[in-house]
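These notes concern the structure reproduced below.
The chains referred to below are lettered A, B, ... by the order of the sequence lines, with proteins before strands, and numbering in each begins at 1. This one's a predicted model, so the numbers in the text were calculated from it and none came from an experiment.
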Amino acid sequence: MVVLVLWAGGIDIQAGRLSQGVVIAFINYANQILLALLIVSNLIILLTKSMASAARVNEVLDTPAEMADPERAPEPPAGAPAVEFRDVSFAYAGTGNRALEHVGVSIPKGQTVGIIGGTGSGKTTFVNLIGRFYEATSGCVLVEGVPVGRWPLRTLRGKIGLVPQHAALFTGTVAENIRWGRPDAGMDEIRAAAVAAQADGFIRRLPRGYDSPVERGGANFSGGQRQRLTIARALVADPPVLILDDAASALDFLTEARLREALRKTGRGRTVLVVSQRVGTVRGADRILVFDGGRIVGDGTHEALLRECAAYREICLSQLPAKEARA
Amino acid sequence: MKKRALPKQTLPRLMRAVGRSRALLLLAALCAAANVACTLAGPAVVGRAVDLMAGAGRVDFPALARALLLLAAVYLLGNGFLWLLTRLTNRISYRTVGRLRGALFRKLCTLPVGFFDHTQRGDTVSRFVNDADAVSDGLLQGLTALVQGVFTILGAVVFMLALNPPMALVVMLSAPLSYFTARAITTRSQKLFREQAAQLGRLNGYAEEIIGGQKVVAAFRYEPRARERFEKINAQLYRTGVRSQFISSLSNPSTRIVNNLAYAAVGVFGSIGAIRGTLTVGGISTFLIYAAVFAKPFNDITNILAQIQAAAASAQRIFKVLDLPPEPPEPPGALRLESCAGHVQFQDVSFSYTPDRRLIEHFDLDVAPGSSIAVVGRTGAGKTTLINLLMRFYDVDGGCIRIDGHDIRALTRESLRAQFGMVSQETWLFDGTIRDNIAYARPDASDGEVVRAARDAGADGFIRRLEKGYATPIAADGSGLSEGQRQLLAIARVMLANPPMLILDEATSSIDTGTEMRIQRAFDRLTAGRTSFVIAHRLSTVRNADRILVMDQGNIVESGTHAQLLKKNGYYAGLYYSQFSRGGV
């Protein structure tokens with residue numbers, strides 16, 4: 001471009017129309033324009049890079065929220081069972097694994113239900129559907145007489161206190177983690193929940209007590225301590241339905257026995273579902289559901305199941321000394 | 001002006017990392033030199049062309065044409081070299097960053113387990129991704145501009161002095177002024193860039209934690225609180241980002257102002273020279289262009305320095321990890337344990353994770369080869385710690401642990417750990433097929449061996465029922481498989497590896513007792529003649545152990561066989577009988 005300017009300028013100077021100074025100025029202008037064009041082209045490159053990244057972000061943002069979340073809480077019918085399953089089936093997407101098949105059960109309020117069964121028999125899936133962490137593929141799950149799809153998610157999850165299999169804690173202090181259950185809980189309520197969860201003892205022995213830091217995933221606590229903290233977290237919310245998903249697996253028997261005692265005392269009409277591998281844990285429940293291959297194969301008290309359910313007998317035989325198993 | 005906080009070594013260290021691509025650097029330098037030569041020749045030709053257009057009717061067209069052709073050629077050549085230069089620096093910068101990332105990853109593999117316990121995973125990942133990116137961006141643009149800039153300054157000085165020393169002096173005095181202006185701004189923005197990188201790491205870490213714990217977040221309706229906290233960190237990042245960008249962007253306008261002042265100075269002095277006859281009008285034009293050309297690198301250098309400093313701030317975060325002490329090196333002459341009989345001794349062992357919480361004190365234990373030891377006790381009583389010490393994830397504070405008579409600290413860690421097969425409380429599966437996960441320790445195992453191991457573990461059944469069987473891909477978080485199924489896979493993994501000693505930490509607590517019985521039988525086959533340590537809460541699995549260690553507060557309070565301990569009617573008995581306490585939940 002400079003070449004053209006000079007050539008044209010030469011012609012004009014020859015013709016007396018321009019002076020050298022103007023030509024110099026023109027060269028300057030030409031350079032400035034080029035510079036600006038350069039910046040624009042750089043911008044285009046940057047823009048292309050940004051668009052590629054933006055597409056990735058949009059991919060996540062555009063993923064439809066899978067569940068419809070109703071606005072208002074419906075009025076639950078009086079006297080409805082706490083939890084009810086009507087012919088529910090479920091398969092996890094993408095695995096073709098039929099986790100639950102035609103499960104039907106009704107759990108009245110205030111009942112304590114033990115849930116026992118083999119690996120992959122559907123126990124955890126069962127409790128996941130109650131809190132609507134997944135949608136049943138067919139059939140209907142009801143909480144307090146209302147299908148879970150009709151409860152606003154916030155309300156539904158407020159009714160369910162979940163203590164998951166894997167004790168999940170987050171960076172923060174012990175008190176903060178327990179407060180997840182209820183953000184407005186005062187220290188008294190936190191302490192009470194911790195006492196019931198058999199956690200208060202070891203917390204008080206920590207150098208900073210309830211203000212002790214929790215590292216990522218609770219790595220600075222032992223497995224049993226983590227579980228007790230998550231139990232405290234669920235308890236502080238005082239939910240009407242408490243679900244313990246194999247939540248005492250890392251606890252020794254003495255601690256677990258004390259925990260059961262504490263839960264019973266603070267029960268107050270709470271519906272409790274205890275998922276466990278141990279007969280000792282579920283044995284004293286009002287009712288035990290035995291899962292196998294995604295179906296409920298046994299439903300009754302410990303004594304009744306010993307008589308009538310082969311699967312349950314087998315489990316007891318392997319865990320209890322022979323004479324107990326025949327009680 | 002003193003450089004702040006960034007340790008002195010970061011920049012030179014970064015440069016050294018770059019310097020490894022020596023051949024490319026040389027080539028790049030040559031291209032830069034050639035490009036600069038062309039760039040600087042241009043203004044001289046332009047000046048001559050302007051001189052040839054002395055006035056109306058006095059334009060020398062043929063000479064002008066020649067001059068313009070020369071000019072075109074020079075411009076084309078110059079750009080050609082520039083293009084080549086860009087490609088070379090591109091390659092240099094990506095190679096350097098690639099090496100950094102490789103070094104970082106290798107380093108992570110040698111760091112003691114304690115590092116991962118105490119750092120946020122997302123923050124570490126951020127160093128790989130965001131910080132390495134910042135280094136490569138900074139290097140790429142910085143290098144190109146830096147090399148060019150240096151040559152331009154040198155070349156311009158030479159050209160100008162050759163043409164007209166007094167004018168050269170005018171230009172040379174005014175340009176560096178802009179440099180000092182910009183530098184004052186850059187040192188201030190440097191600190192902000194570092195803070196920005198740190199906050200980005202924090203943001204990453206938080207997001208990773210919350211996303212990883214999604215179910216708990218959903219269960220406790222924590223979403224709004226998580227959002228709030230994220231917003232807070234995000235807002236901090238935003239504020240820091242804006243401030244650092246603002247301050248660093250001040251440098252360009254300020255230098256431009258100084259440049260234009262220089263331009264004016266050239267104009268004034270040049271005109272005086274032209275009037276006095278020491279300089280032609282074309283000469284003025286040449287020097288005006290040189291003034292711009294000469295000033296450009298000074299402007300750019302401050303920008304480049306800012307970029308390089310941002311890159312250095314990120315490089316610093318990467319170097320920090322690279323500099324962490326790895327697991328203490330193997331002592332010279334460390335023994336490679338090929339096979340072992342399984343005789344384990346703990347001699348006066350003391351250990352604690354933190355000095356204020358004593359855990360194990362003066363612990364003695366002698367395990368005969370082939371025996372099975374069950375460790376039970378209250379949670380937090382020191383059981384998992386025992387295992388951490390055996391595997392040398394942590395080293396003892398006092399006393400020593402021996403295997404077959406050798407102090408384990410005198411053995412190479414790799415050979416020590418190869419003697420143990422471990423199934424731990426939490427199963428770790430990775431992104432791959434079921435077969436890949438089982439064959440993790442022995443990738444060259446045949447399909448038959450994999451299936452046999454799976455069958456021994458009791459996993460073959462459910463694997464065959466899956467659509468793709470052994471080729472079924474597992475997501476990194478193992479979703480789609482139940483807890484028990486994952487544990488079975490972990491057990492199959494150990495069975496395939498077939499080690500002489502076993503460590504089972506809560507291994508079977510998530511599995512139904514039916515399956516567990518099958519595994520018990522398989523383990524009995526496996527443990528025959530092998531030393532095994534079982535940390536169990538299921539007293540039923542412990543009943544068959546050769547020896548039971550009951551731990552409390554880090555000490556063994558009782559030891560013996562099941563029958564002996566029951567007869568003692570002490571701590572163990574209490575633990576055992578509480579299994580049958582009546583009273584529902």
Side-chain angles (χ1 to χ4, degrees), chain A residues 2-3 6-7 9-10 13-16 20 23-24 27 92 95-96 112 117-120 124 131 133 154 157-158 162 164-165 168 170-171 180-181 183 202 207 215-216 219 222-225 246 249-255 257 260-261 263-264 272 274 277 280 284-286 314-315 318-319, chain B residues 46 49-50 53 55-57 59 61 64 68 71-72 117-118 120-121 209 213 215-216 218-222 225 281 285 288 356 376-380 384 425 462 466-467 480 482-485 488 506 509-517 537 539-540 574-575 578-585:
Chain A
V2 177
V3 175
L6 284 173
W7 187 253
I13 290 187
Q14 178 75 308
Q20 283 171 313
V23 173
I24 297 177
I27 297 179
Y92 283 99
T95 58
T112 301
T119 308
T124 303
F133 294 107
R154 275 192 71 81
R157 297 200 176 136
L162 176 67
Q165 241 171 342
F170 298 84
T171 31
W180 266 56
F202 79 78
E215 285 172 14
R216 192 193 177 282
S222 75
Q225 290 170 332
D246 209 2
S249 59
L251 300 182
D252 60 272
F253 292 98
L254 208 54
T255 312
R260 270 184 274 138
E261 192 56 33
L263 284 178
R264 204 159 50 87
V272 182
V274 185
Q277 299 287 358
D286 300 330
E314 190 181 307
I315 296 175
S318 67
Q319 286 192 20
Chain B
V46 170
V50 172
M53 306 187 279
V59 179
F61 277 104
L64 186 62
L68 290 181
L71 195 60
D117 285 344
H118 294 112
Q120 268 196 325
R121 205 196 318 192
E209 218 187 0
K215 187 159 163 203
V216 181
F220 287 96
R221 303 162 300 159
Y222 195 76
R225 280 174 279 172
V281 176
S285 151
L288 281 175
D356 50 325
V376 300
R378 305 283 299 276
T379 53
T384 312
Q425 239 171 344
F462 83 80
L466 294 172
E467 268 178 58
S482 78
E483 182 66 25
Q485 287 169 335
L488 287 176
E506 320 278 30
S509 64
S510 302
I511 303 179
D512 65 279
T513 43
T515 317
E516 192 195 319
M517 276 174 68
H537 288 301
L539 295 186
S540 57
L575 219 56
S578 68
Q579 181 185 12
F580 305 111
S581 80
R582 301 263 160 189
V585 179

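Atoms CZ and CZ, on Arg221(B) and Arg157(A) in that order, are 10.0 Å from each other to the nearest 0.5 Å.
In terms of heavy-atom pairs under 4.5 angstrom with chain B, the leader among Pro183(A), Gly181(A), Ala168(A) is Pro183(A).
Closest of all the heavy-atom pairs between Ala218(B) and Phe133(A) is CB-CE2, 3.7 Å.
In this structure, Trp180(A) and Phe220(B) have perpendicular ring planes: the angle between them is above 60°, well past the 30° mark.
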